Amino acid sequence: MSKDVFVFMEQRDGELAKVGIELIGKASELAADLGEKVVAVVLGSGIKEKAQVCVEFGADKVVVVDDPMLKEYLTEPYAEAVEAVIKKYDPEIFLYGASSIGRDLAPRVSARIYTGLTADCTGLAIDPETRLLQMTRPAFGGNIMATILCKDRRPQMATVRPGVMQALAKDTAKKGDIEELKVEFTTPLVKIKEVIKEDKKTVDITEAKYLVSGGRGIGSPEFFKELQKLADVLGGEISSSRANVDAGWIDKSRQVGQTGKTVRPDLYMACGISGAIQHVAGMEGSEFIVAINKNDTAPIFDLADLGIVGDVKVIIPKLTEAVAKLKAEKNAQ
Amino acid sequence: MKIVVCVKQVPDTTEVKLDPKTNTLIRDGVPSIINPDDKAGIEAALQLKEKLNDGSTVTIVSMGPPQADVALREALAMGADEAYLLSDRQFGGSDTYATSTIIAAGLKKIGYDLVITGRQAIDGDTAQVGPQIAEHLAIPQVSYAEEIISLDKDKIVVKRQFEDRYHILELPIPCLITSLSELAEPRYMSVGGIYDAYGVKEVKVLGFEDLKEMFDPARIGLKGSPTNVVKSFTKQAKGAGTKYDDVSADEAVKIIVDKLEERHII
């Protein structure tokens with residue numbers, strides 16, 4: 001019979017990704033509701049020592065597949081390893097981070113073993129009556145939330161956005177079982193010719209909790225530096241409307257909107273952004289929207305929780321200073 | 001080489017509703033477009049065809065209601081050679097597993113060398129159907145393709161994006177790649193292309209009867225879908241926001257800081 005809540009522990013260069021640790025936190029709640037255990041699945045090369053970390057963050061058991069084949073992420077060997085874990089342990093639930101690895105691996109696995117997969121969940125809960133996993137996710141630009149069930153197939157699988165779930169506090173005294181699983185790999189058809197690591201850490205704006213976003217109203221590419229200062233003191237990232245990307249002021253990876261990325265941060269600060277529908281489609285799911293714009297008829301104000309009619313070029317530097325000062329005071333306490 | 005691009009027609013606006021009874025999407029009355037990542041895939045395919053210049057063809061495949069014909073005509077007008085619409089009442093209500101099962105069946109029927117899908121659709125945002133198709137076809141996949149570096153008749157080299165790195169990957173043909181919108185900037189339809197799309201070229205429709213040998217009928221449609229939407233709800237309407245249109249910069253800063261503090265952002 002299917003049992004236990006499994007978590008795929010994503011790693012790069014032997015470092016566990018935060019999203020996996022967060023998922024162990026959520027899995028602990030789900031497992032408690034089911035009266036079952038949390039099992040972390042660690043795949044990689046020379047990765048065994050990381051199993052203990054999973055235990056300290058709340059896993060009851062860790063399954064490790066340690067093989068040179070798993071050094072860099074490749075769909076085929078990773079899918080084979082996860083398939084082997086599922087076949088051996090028959091999990092009730094299997095969670096993955098909704099990252100560029102998780103969103104490549106999980107659908108491949110779901111098709112292979114014929115089970116359901118719900119993408120990019122923001123909420124997970126156990127229905128006390130049916131014991132089914134209720135997977136809730138935004139769709140259609142974040143306007144509609146849908147709760148999805150996978151009634152008959154197992155495991156019930158979901159990818160979960162990084163930063164949504166809460167990690168547990170580390171407990172170095174916690175004990176857990178660590179098991180190693182050997183997998184017979186086929187030779188992958190895809191070859192890695194080169195791995196290019198970015199010098200600067202590429203930022204995935206969809207993972208940022210706070211976004212300070214610049215539109216045409218910021219006036220010049222240089223002003224992104226001011227927005228960056230504010231983002232830095234908040235602990236967030238900068239993003240942009242399409243116009244500034246098209247003008248070459250900022251990298252495309254920072255673009256929010258229909259042709260860019262869809263973001264749902266806790267704070268979206270729209271600076272000099274008018275709020276064209278294509279932009280709105282990419283950010284209206286944000287938890288709290290602050291808009292600063294000179295034009296008091298800008299459509300962004302229809303959407304903003306807090307609207308300020310004013311000049312971003314004057315307000316932003318002052319705001320950065322005020323936030324920095326307040327933070328310093330709080331840290332001193 | 002037969003390059004096949006899978007496209008989805010998606011609603012252009014966020015004015016989308018779900019049928020409260022079936023919890024499936026109501027598409028009527030909503031203006032529709034080709035999903036942006038898919039459109040980049042069409043452009044990439046057309047460029048590959050032009051570069052190869054060896055009689056290679058570009059085929060477009062879409063699953064959807066009869067109205068999706070428009071999206072396929074648009075792709076034909078961009079320069080695609082042929083188009084197939086996989087459409088049948090029995091396909092309705094499919095989740096990503098069932099959808100990929102049907103599309104994979106269509107691809108088996110139509111034939112393919114290189115399959116390109118968009119990374120994800122803007123209505124569902126799942127990014128699942130591409131990799132699932134690849135698995136059903138038992139061919140290798142690369143998702144998040146940002147650049148096609150080279151293509152010849154038995155292999156393709158692709159730049160694959162991760163959060164912190166890129167991989168340069170070599171795949172044998174046949175294979176499937178899912179394209180980011182960065183992959184190519186879509187061209188406009190040409191006048192001659194539009195003429196051909198509505199005159200000379202046709203959109204072939206394949207239904208359940210055409211594909212039933214290619215899939216397990218128990219694994220398609222609403223009933224064959226492992227997942228079901230059981231509840232949908234609009235995100236709680238936000239209270240009307242507060243707008244200040246006559247405050248000094250210093251006052252504005254104080255208002256914002258207070259609000260950020262109240263929300264525990266600072």
Side-chain angles (χ1 to χ4, degrees), chain A residues 12 75-76 99-100 103-104 107-108 110-112 115-120 139-141 143-150 153 189-198 201-202 204 210 252 258-259 262 266-267 281 288 290 296 301 304-310 314-315 318-319 322-323 326-327, chain B residues 13-14 16 18 36 95-97 100 122-128 131-132 134-136 140-144 157 161-172 181-182 226-235 238 241-245 247 249-250 252-253 255-257 259 261 263 265-266:
Chain A
R12 284 162 213 212
T75 313
E76 297 161 271
S99 63
S100 67
R103 298 183 83 184
D104 182 79
R108 186 91 198 189
S110 80
R112 183 164 301 180
T115 192
L117 173 64
T118 304
D120 222 3
F140 312 111
N143 270 354
I144 295 172
M145 302 296 288
T147 301
I148 292 166
L149 298 180
C150 177
R153 308 293 309 174
L189 293 168
V190 180
K191 289 186 197 79
I192 301 179
K193 295 189 71 164
E194 198 183 343
V195 176
I196 306 166
K197 288 180 197 169
E198 297 251 296
K201 193 174 154 282
T202 4
D204 183 359
Y210 311 133
K252 165 98 179 155
Q258 187 130 7
T259 55
T262 301
D266 291 350
L267 169 68
F288 189 70
V290 178
D296 76 338
F301 287 124
D305 299 283
L306 175 60
I308 304 282
V309 180
V314 181
I315 294 172
K318 283 176 184 280
L319 181 60
V323 173
L326 184 62
K327 279 212 158 181
Chain B
T13 70
T14 47
V16 182
L18 294 180
D95 73 350
T96 63
Y97 181 94
S100 62
I122 56 170
D123 54 352
D125 281 324
T126 73
Q128 289 175 184
Q132 288 173 330
E135 173 64 25
H136 291 311
Q141 80 197 40
V142 166
S143 36
Y144 294 82
V157 179
Q161 191 189 76
F162 291 88
E163 285 83 354
D164 64 341
R165 68 192 60 193
Y166 295 98
H167 281 175
I168 308 293
L169 299 169
E170 184 184 296
L171 291 82
S181 52
E182 287 93 323
T227 64
N228 296 111
V229 176
V230 289
K231 190 174 74 175
S232 61
F233 48 103
T234 42
K235 229 181 162 183
K238 283 182 171 161
T242 324
K243 182 173 148 195
Y244 297 88
D245 55 8
V247 289
D250 290 320
V253 166
I255 292 164
I256 298 171
V257 168
K259 206 70 194 173
E261 200 177 4
R263 298 190 65 90
I265 290 168
I266 307 177

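Given the structure is predicted, the values throughout are model-derived calculations rather than measurements. Reminder, nothing fancy here: chain letters follow the sequence lines and each chain counts from 1. Below, all heavy atoms of this structure are taken into account, side chains as well, without hydrogens, waters or symmetry copies.
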Report summary line: Taken to the nearest 0.5 Å, the spacing of Ile168(B) CD1 from Glu194(A) CD works out to 5.5 Å
Query raised in the report: Quick one: CG on Leu169(B) to CD1 on Ile192(A), what's the gap to the nearest 0.5 Å?
Result: 6.0 Å
Query - Candidate pair Ser100(A) and Gln161(B), rule side-chain hydrogen bond (donor to acceptor under 3.5 Å, both in side chains), full reasoning - result: CA-CA 8 Å; Ser100(A) 67; Gln161(B) 191 189 76; over 6 Å; no
Query - Full working for side chain to side chain contact (heavy atoms under 4.5 Å, CB included) between Thr147(A) and Phe233(B) - result: CA-CA 9 Å; Thr147(A) 301; Phe233(B) 48 103; 3.6 Å; yes
Query raised in the report: Which distance, rounded to the nearest 0.5 Å, do you find between the CZ of Arg108(A) and the CD of Gln128(B)?
Result: 14.0 Å
**Report entry** Flag if over 12 foreign heavy atoms under 6.0 Å of NZ, Lys243(B)
**Finding:** yes
Query raised in the report: Just by distance, do the side chain of Glu163(B) and the backbone of Ser99(A) share a donor-acceptor pair under 3.5 Å?
Result: no
Report summary line: Separation between CD (Glu76(A)) and CD (Glu135(B)), nearest 0.5 Å, reads 10.0 Å
Requested in this report: Could you tell me which portion of Thr75(A) (side chain, backbone, both or neither) has an atom closer than 4.5 angstrom to a non-hydrogen atom of chain B?
Outcome: side chain
Requested in this report: Would you mind telling me which of Val195(A), Val290(A), Val323(A) has the largest number of heavy-atom pairs within less than 4.5 Å of chain B?
Outcome: Val195(A)
Report summary line: Rounding to 0.5 Å, atoms CD1 (Ile308(A)) and NZ (Lys259(B)) come to a distance of 11.0 Å
Requested in this report: Check each atom of Ser181(B) against the heavy atoms of chain A and say whether the ones under 4.5 Å are side chain, backbone, both or neither.
Outcome: side chain
Report task. Identify which part of Pro36(B) has an atom lying under 4.5 Å from any heavy atom of chain A, answering side chain, backbone, both or neither. Result -> side chain
Query raised in the report: So how far is it from Asp125(B) CG to Asp120(A) CG, rounded to the nearest 0.5 Å?
Result: 7.0 Å
Report summary line: Closest heavy-atom pair, Pro107(A) versus Gln132(B), reported as atoms and distance to 0.1 Å, is O-CG, 3.2 Å
Report task. Specify which of Val142(B), Leu171(B), Val157(B), Asn228(B) makes the most heavy-atom pairs with chain A at under 4.5 Å. Result -> Asn228(B)
Requested in this report: For Asp95(B), enumerate each residue passing the side-chain hydrogen bond (donor to acceptor under 3.5 Å, both in side chains) test, keeping only those at least two apart in sequence or located in another chain.
Outcome: Ser225(B), Thr227(B)
Requested in this report: Counting only heavy atoms closer than 4.5 Å, note whether Lys318(A) contacts chain B via side chain, backbone, both or neither.
Outcome: both
Query raised in the report: Heavy-atom distance under 4.5 Å to chain B: side chain of Arg153(A), backbone, both or neither?
Result: side chain
